[in-house]
*Asks:* 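Got a structure for you, questions after.
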There are 2 protein chains.
Amino acid sequence: MKKDNDIELSGVKEIARRANVSIATVDRVIHNRSGVSKKTKDNILAIIQELDYKPNILARRLASKKILHFAVLIPAISQETEFWQAPLNGIEQAESELKQYGIIIEKYFFDQNDRSSFVDQASKILKNKVDGILVAPSFIEESLEFTKSCQELKIPYVFINSDIPNQDSLCYIGPDLFHSGYLSAHLANYTVEKNGKILIINISKEIDNYHHLLRKEEGFRAYFHDNNSSNGIIKADIRQTDYNSVAAELNEVLMVHPDVKAIFVTNSRVFSVAQFLEGSSMNNILLIGYDFLKENIQYLQNGNIDFLICQKPQEQGYKGIMALYQNLVLNVAVDKTYYMPIDIITKENHKFYRN
Amino acid sequence: MKKDNDIELSGVKEIARRANVSIATVDRVIHNRSGVSKKTKDNILAIIQELDYKPNILARRLASKKILHFAVLIPAISQETEFWQAPLNGIEQAESELKQYGIIIEKYFFDQNDRSSFVDQASKILKNKVDGILVAPSFIEESLEFTKSCQELKIPYVFINSDIPNQDSLCYIGPDLFHSGYLSAHLANYTVEKNGKILIINISKEIDNYHHLLRKEEGFRAYFHDNNSSNGIIKADIRQTDYNSVAAELNEVLMVHPDVKAIFVTNSRVFSVAQFLEGSSMNNILLIGYDFLKENIQYLQNGNIDFLICQKPQEQGYKGIMALYQNLVLNVAVDKTYYMPIDIITKENHKFYRN
DNA sequence: TCTAATTACGTGTACGTACCCGTAATTAGG
DNA sequence: CCTAATTACGGGTACGTACACGTAATTAGA
C-alpha cells in the first residue's frame, strides 16, 4: 500500500504515466534522441513543461557512465613561479571532489620563459581530445591560435589569472589588474607627504607577462591622476629577478631619489625589495606588493612589507574547474567574468587569510 | 564479459567481496548499526581503511529517504540589525543547495533587544525536535541554558558570529574580534601624527552585544600598547543609536578634543559617524568601522569612511549550515573554530567584494 | 539435549535516470 | 498482398547505497 499523495512526484516515471508511454520513450525525448514520433514527442514535451520537470542530478550522474576529460594548461611551478602552486592546489581540490563523478583532469605545464613549450603542450591537448580546457593565456599570440582551434573543435575553454577579452571563452576567472593597482595607490597615498616620492617597480624577465604588470601600473597611476596629486612617481624596470640585480638597481634608484616614501612592486617579487630595504635598514618606506607567498609573508611579519594584495589564487583554480563542470555536466550558465576580490593582507590579518 | 580492471573499483560491493560478506553487512558496519560480530566488523573496517573508501554521496542521497531538519536561531532583521540579512542570505543559499538532498531548514528569529524572545524561540526549537541547530548566542546566559538542553537531547549546534568558548558546540564560525580591532589600529596608525588623538566609539543600546564591542576595543588598544605608542586614545560610549544622539555626543567629544585624527567605530553604525563628519565638513579625520552595509558603502564611496572591516557575514551563514550538513550527513569531522578572514574594504575594492 | 531467544548475516527491492536490446507497428518495395 | 526495411516503442538492467525482511548460526536456559 504505497502512498504517493501529499508528495508531488514528478520524475520521468510520472511523465511516462501521464503520457501513456514507457520511461525509455520519455528518456529519448529528454535527450532529444531519435525514435519518437512527432506526436508523442510533442505530448511529452508539453507534460514536461507542465510539471516543470527538473531532472535529478544525483540520479543522472549515478546512472551515466560518461567520463569527461578536462585539460589544464598552466605555467610549471618553479622558484620563479611559486605563485602557480596555489591555483594548482585549487585545481586538485576540485579534482578530488569531482573524481567520483566521472571527471578526469589532465595537467599540462609550460615554461613561462618559453613560448614554444606552450604551443607544444597546447597541441598535445588537442590531440588527446578533451571535453573542456582551463588555460592561463600567458602568451597572447599563441593563446589566440590555441583557442581558435578549440572553437573549431567546439571545446569550451576557461581563462584563468589573465584575460584575453572577446575571445568567446566560457568565462574568465581572475583579478581585475587595473583596480588592484588603483587600490594599492590609495593605500600608498595614506603615507605620502607633500614632498614624498613614490616608486613603482616592475620585476620580470619575460616581456609577455609584462603587459600584466603594466595594467597594474596604469591603475596605480590612475588613482593619483584622479586625485590630482600625481606628485613624484618614479618607475624602475628590473629585468633580472635574482637578488643581486634587484639590489643593485634599487641602490641606484634610491641614491638618485632619497626622498622615496613608498614603493609599489607590481608582482610577487616584492620580497626581494623587502630584503634590500631590511639590509639597508630603511624601515620608513611603505612597501606594497602582491601575493601570498611564504617569503612575502615573512617580510610582512617582520614589518618590511606593509601590504600585500592577494587575489585568492587557489580559489581561482578551483572555480575554473568548477565552471567547466557546471557548464558541461550540470548544464548551467556560468558568469562570463568572475573577478576575484582584491584582498589586502597585513601583518595582522594574514593568519586568517584563505587563498 | 565485464571488464573491471584498469579502473580501481571501490564501493561497498568491492568491500563486501574482499571481506567475503554481503553488501548489507558492510552497510551495517558503515552506519555503525548492530548485528555484526566484532571480528567481521574489524575486518571490514580495515578494508575500508585500506581502500580509503569514500561513499558515493549521489547514491547515498538517492537511496536515503531520510529527511533532516535544521533550525536556525538568529536575530530578526530590522533597521537596527540590517547586518543579519547577509548571514540569512548565506543560510538560504545553503538551503537551496541542500534541498534536493532532503534537508529542511526552519528559521527562528529573536529580538536583539529582548532576551525573553530568545528564550521563547529556543524552546520552540526544542519542541519541534530538530536534528541540528545554528545559533547566534547573543545573550550569554540564555544561550548557555539552551545549549545545555541541546546537549542532553544530543542535538549538535553551531555558534555563529559570536562565540561562547568551551561549550561543546560542534564549531564556531565567525570573526576573531580581538584581531579585527588590532588590525584596525594598524590601519589607523598610518595617519597618526605625533600629537594626533584617536577616538574609539561604541554605539549600542544593548549591554549584551557590548562585550562583543569591547573585545574589538581591546584588540585596538593592544596594538598601540604593543607598539609603545598608546598616545592619546579617547573613548566614547553612545547608548542611543538614532542619529541625533550620535551627533550630539560626537559634537561634544570633538569639541573637547579638536585634535582627533582618527576614529574607530566598533560596529556597523559607523555610517552615522560618517554622516556627522560630512555634515560638519571634517574630512581630514580617518574613519574606520565595520560591515558591508549599503549605508556604509555609500560613505566609503564618497570618502567619509576610509576603511570598513568585514568578515563575510553571508559566508558565515552558509558555512554554518554546511558544518551541520557535513557533520550529520557526510559524517565528516569539522573544524572546531573557523575564523573568518578579516577583510579590509576601501573605496577601490568594495565592488569586488563578496560577502 | 532440546527449544527459545538472540545474534549474525544474506536476499531483494527501492531511489531516479541512462541506455542496451528486443519487438510490435508501420511503411516501402515488388 | 507478402516480405523487408524502417520506425516507434517497451522491458529490463545498471549505477552505488539504504534498509526491510527473512533465515542460518550461535548462545542461553531448563
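What you see below is based on every heavy atom in this structure, not just the backbone, and it leaves out hydrogens, waters and symmetry mates.
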*Asks:* With a 3.5 Å cut-off and no angle check, do the side chains of Q167(A) and Y157(A) form a donor-acceptor pair?
*Replies:*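 Q167(A) vs Y157(A): no donor-acceptor pair found between side chains.
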
*Asks:* Take the protein atom CG of L51(B) and the nucleotide atom P of dT17(D), then report the distance between them rounded to whole Å.
*Replies:*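 Going from CG in L51(B) over to P in dT17(D) covers 11 Å.
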
*Asks:* In whole angstrom, what separates K41(B)'s NZ from dC9(C)'s P?
*Replies:*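 K41(B) atom NZ is separated from dC9(C) atom P by 12 Å.
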
*Asks:* With a 4.0 Å cutoff (strictly under), does any side-chain N or O of R60(A) reach OP1 or OP2 of dA18(C)?
*Replies:*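 So the side-chain polar atoms of R60(A) do come within 4.0 Å of the phosphate oxygens OP1 or OP2 of dA18(C), strictly under.
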
*Asks:* Considering heavy-atom distances to DNA chain C, does D27(A) or A63(B) have its closest nucleotide positioned more toward the 5' end?
*Replies:*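 Whichever sits nearer the 5' end wins; that is A63(B).
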
*Asks:* Let me know, please, whether R28(B) or S64(A) comes out on the 5' side of the other along DNA chain D by nearest nucleotide.
*Replies:*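 Result of the comparison: S64(A).
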
*Asks:* Side chain of T25(A), heavy atoms from C-beta onward: which of dG10(C), dT17(C), dG10(D) has the nearest atom to it?
*Replies:*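 That would be dG10(D).
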
*Asks:* Under 4.0 Å between a side-chain N or O of S34(A) and OP1 or OP2 of dA8(D)?
*Replies:*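 So the side-chain polar atoms of S34(A) never come under 4.0 Å of the phosphate oxygens OP1 or OP2 of dA8(D).
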
*Asks:* Can you tell me how far P of dC9(D) sits from NZ of K38(A), to the nearest Å?
*Replies:*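 In whole Å, dC9(D) P lies 13 Å from K38(A) NZ.
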
*Asks:* On the nucleotide dC15(C), are OP1 or OP2 found under 4.0 Å from the side-chain N or O atoms that K13(A) carries?
*Replies:*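 Affirmative; the distance criterion is met.
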
*Asks:* dC19(D), dC19(C), dG10(D): which one has an atom nearest the side-chain heavy atoms of R33(A)?
*Replies:*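 The answer is dC19(C).
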
*Asks:* Is the shortest side-chain N to carboxylate O distance from K148(B) to E145(B) below 4.0 Å?
*Replies:*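 Salt bridge flag = no for E145(B) with K148(B).
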
*Asks:* Rounded to the nearest Å, what distance is computed from the CG atom of residue L58(A) to the C1' atom of nucleotide dG16(D)?
*Replies:*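 After rounding, the reported distance stands at 12 Å.
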
*Asks:* I'd like to know if K99(A) pairs up with E95(A) as an ion pair, taking the criterion as any Lys NZ or Arg NE/NH1/NH2 lying under 4.0 Å from an Asp or Glu carboxylate oxygen.
*Replies:*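 Result for this pair is no, no salt bridge flagged.
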
*Asks:* May I have the distance from I30(B) (atom CD1) to dT17(D) (atom P), rounded to whole angstrom?
*Replies:*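 In whole Å, dT17(D) P lies 7 Å from I30(B) CD1.
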
*Asks:* Look at the side chain of S22(A) and decide which nucleotide, out of dA18(D), dG10(D), dC19(C), has an atom nearest to it.
*Replies:*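 Shortest atom-to-atom distance from the side chain points to dG10(D).
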
*Asks:* Please determine whether a side-chain nitrogen or oxygen atom of K54(A) lies at a distance below 4.0 Å from atom OP1 or OP2 of dG16(C).
*Replies:*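 So the side chain of K54(A) is outside the cut-off, no N or O lying under 4.0 Å from OP1 or OP2 of dG16(C).
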
*Asks:* Measure the distance from NZ on K39(A) to C1' on dC9(D) and round it to the nearest whole Å.
*Replies:*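 Atom-to-atom, K39(A) to dC9(D), this comes out as 14 Å.
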
*Asks:* Ring centres under 6.0 Å, that's the criterion: do F159(A) and Y172(A) meet it?
*Replies:*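 No, too far apart.
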
*Asks:* H31(A) has an atom NE2; how far is it from atom P of dG16(C), in whole Å?
*Replies:*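 Distance, rounded to whole Å: 16 Å.
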
*Asks:* Quick check on dA8(C): is either OP1 or OP2 less than 4.0 Å from any side-chain nitrogen or oxygen of S37(B)?
*Replies:*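 Looking at the OP1 and OP2 atoms of dA8(C), neither is under 4.0 Å from any side-chain N or O of S37(B).
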
*Asks:* Look at K38(A) together with D42(A) and state whether they make a salt bridge at an N to O cut-off of under 4.0 Å.
*Replies:*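 Yes.
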
*Asks:* Please give, in whole Å, the distance from dC15(C) C1' to N56(A) CG?
*Replies:*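 To the nearest whole Å, that distance equals 8 Å.
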
